[in-house]
Each structure stands twice: as structure tokens, then as C-alpha cells.
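Reading through the C-alpha cells given below for one structure.
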Amino acid sequence: MTSSVKAILDLKGRDVVTAGPNTTVAEAANILSKKKIGAIVVVGMENRISGMFTERDLVHAIAKHGKDSLDQPLAQVMTSKVYRCHEETTVNELMELMTSRRFRHVPVESNGKLAGIISIGDVVKSRIAEVVRETEEIKAYIAG
């Protein structure tokens with residue numbers, strides 16, 4: 001049985017680093033560095049997802065606008081077309097989404113609001129745990 005996003009969130013927690021759309025690129029870069037993370041969810045009114053700001057977005061902004069990009073608000077440089085998942089999403093479905101879209105972070109949405117975030121590391125950890133569990137079940141079955 002494949003696990004779900006809910007199972008991952010129940011284990012790791014639902015804390016998400018967020019910023020508003022008017023946060024500057026420099027402020028967001030500082031947050032990424034201090035928190036040692038690769039993405040910030042940009043939220044608007046009522047904790048609704050309005051975008052993602054990732055390390056890739058930072059690189060693209062600097063490549064396009066140079067050091068002036070550091071003063072720009074996230075709203076101008078963030079990824080605004082955000083693919084989301086839900087607690088019912090399976091790990092296999094999430095792996096397919098992350099692979100096909102080349103995402104390393106996917107926010108979890110519940111009732112239109114941010115409910116968590118899943119990273120590629122979370123997915124890998126979940127799959128490894130699942131494979132180990134299946135292996136132990138097979139060993140137990142064979143041993144009788």
C-alpha cells in the first residue's frame with residue numbers, strides 16, 4: 001500500500017516557511033539561507049497560496065536583472081503557477097508530478113488554504129520506509 005501526503009505530514013509536521021508577495025528577493029534569500037531550505041511559499045490573504053519562491057527563482061532573477069533583482073518584491077519574480085497536492089494524494093502520484101514538472105517542493109492545500117509542504121526529500125524518505133516495510137513483510141512471510 002502506498003502512503004499518502006497526509007501520512008508524510010503527520011510524521012514531519014505541517015510547518016511551512018511563508019512570505020508575503022511584497023517581501024524583497026534579498027529578504028527571501030536571507031530566509032532560505034538561515035532556514036537552510038530551498039523554497040518559500042508566497043501567501044496572500046487568508047493564507048492562500050499565491051506563488052512559490054525557490055532557489056531557481058533566485059538564480060533566474062539575478063541572471064535577468066542582476067543585483068537590482070534583490071530589491072524586487074517576490075510577486076515579480078516568484079513562480080505564480082503553483083502545482084498543489086492534497087492530503088489524499090498518494091506518494092506515487094506526487095512522485096509523478098514532481099518528476100514530470102521538475103519540482104522539488106509541492107505545497108499541500110486543504111480547503112483552498114496552505115496546509116503543509118512536501119519536498120523531494122520527504123518523498124524519498126517515505127518510499128525508502130515503504131520498501132523497507134515491504135521487505136520485512138516478505139522476510140516474515142518466507143520465514144513462516
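Only heavy atoms go into these numbers, but all of them, side chains included; no hydrogens, no water, no symmetry mates.
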Grab the two heavy atoms, one from [X] and one from [Y], that are nearest each other, plus how far apart they are.
{"X": "Ser50", "Y": "Gly44", "value": "OG-N, 3.9 Å"}
{"X": "Met98", "Y": "Ser119", "value": "CE-C, 3.6 Å"}
{"X": "Pro73", "Y": "Pro21", "value": "CB-O, 3.5 Å"}

| Gap separating the CG atom of Asn92 from the CE atom of Met95, nearest 0.5 angstrom | 4.0 Å

| Roughly how far, to the nearest 0.5 Å, is OG of Ser110 from NE2 of His86? | 8.5 Å

| query | When Ile, Leu, Val, Met, Phe, Trp and Tyr are grouped by side-chain heavy atoms lying under 4.5 Å apart, directly or through other members, which residues fall in the same group as Val16? | reply |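 Grouped by the 4.5 Å side-chain rule, Val41, Val43, Ile49, Met52, Val82, Leu114, Ile117 form the rest of the cluster around Val16.
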
| said: Under 4.5 Å side-chain heavy-atom separation, chaining through any Ile, Leu, Val, Met, Phe, Trp or Tyr, what else clusters with Leu74? Say none if it is isolated. | reply: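 Listed partners: Val17, Val25, Ile31, Leu32, Ile37, Ile40, Val42, Phe53, Leu58, Ile62, Leu70, Val77, Met78.
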
| Any pair counted as salt bridge (Lys or Arg N to Asp or Glu O under 4.0 Å), so long as it reaches residues 97-126, sequence neighbours left out |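 Sorted pair list: Lys12-Asp122, Glu55-Arg104, Arg84-Glu109.
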
| message | Taking salt bridge (Lys or Arg N to Asp or Glu O under 4.0 Å) as the cut-off, I'd like each qualifying pair that reaches into residues 43-54, sequence neighbours left out, listed once. | response | Glu46-Arg48

Under the 3.5 angstrom rule, does the side chain of [X] hit a backbone N or O of [Y] as a donor-acceptor pair?
{"X": "Thr54", "Y": "Arg56", "result": "yes"}
{"X": "Thr89", "Y": "Cys85", "result": "no"}
{"X": "Thr135", "Y": "Val131", "result": "yes"}
{"X": "Ser100", "Y": "Glu96", "result": "yes"}

| Carboxylate-amine/guanidinium contact Arg127 Glu130, below 4.0 Å | yes

| query | Would you call Lys139-Glu134 a salt bridge at under 4.0 Å N-O? | reply |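 Salt bridge: no.
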
| Heavy atoms, side chains only, cut-off 4.5 Å: are Thr90 and Ser4 in contact? | no

| query | Do Val106 and Leu94 pass the side chain to side chain contact (heavy atoms under 4.5 Å, CB included) test, and can you show the C-alpha distance, the side-chain angles, and the key distance before you say yes or no? | reply | CA-CA 8 Å; Val106 177; Leu94 193 55; 4.1 Å; yes

| field | salt bridge (charged side-chain N to carboxylate O under 4.0 Å, His left out) partners of Asp71, counting only residues at least two apart | value |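 With neighbours one apart ignored, the set is empty.
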
| request: Can you tell me which residue pairs pass the side chain to side chain donor-acceptor pair (under 3.5 Å) test with a partner in residues 26-41, sequence neighbours excluded? | output: Thr24-Glu27

| field | Path from Val123 to Leu11 over hydrophobic side-chain contacts below 4.5 Å | value | no

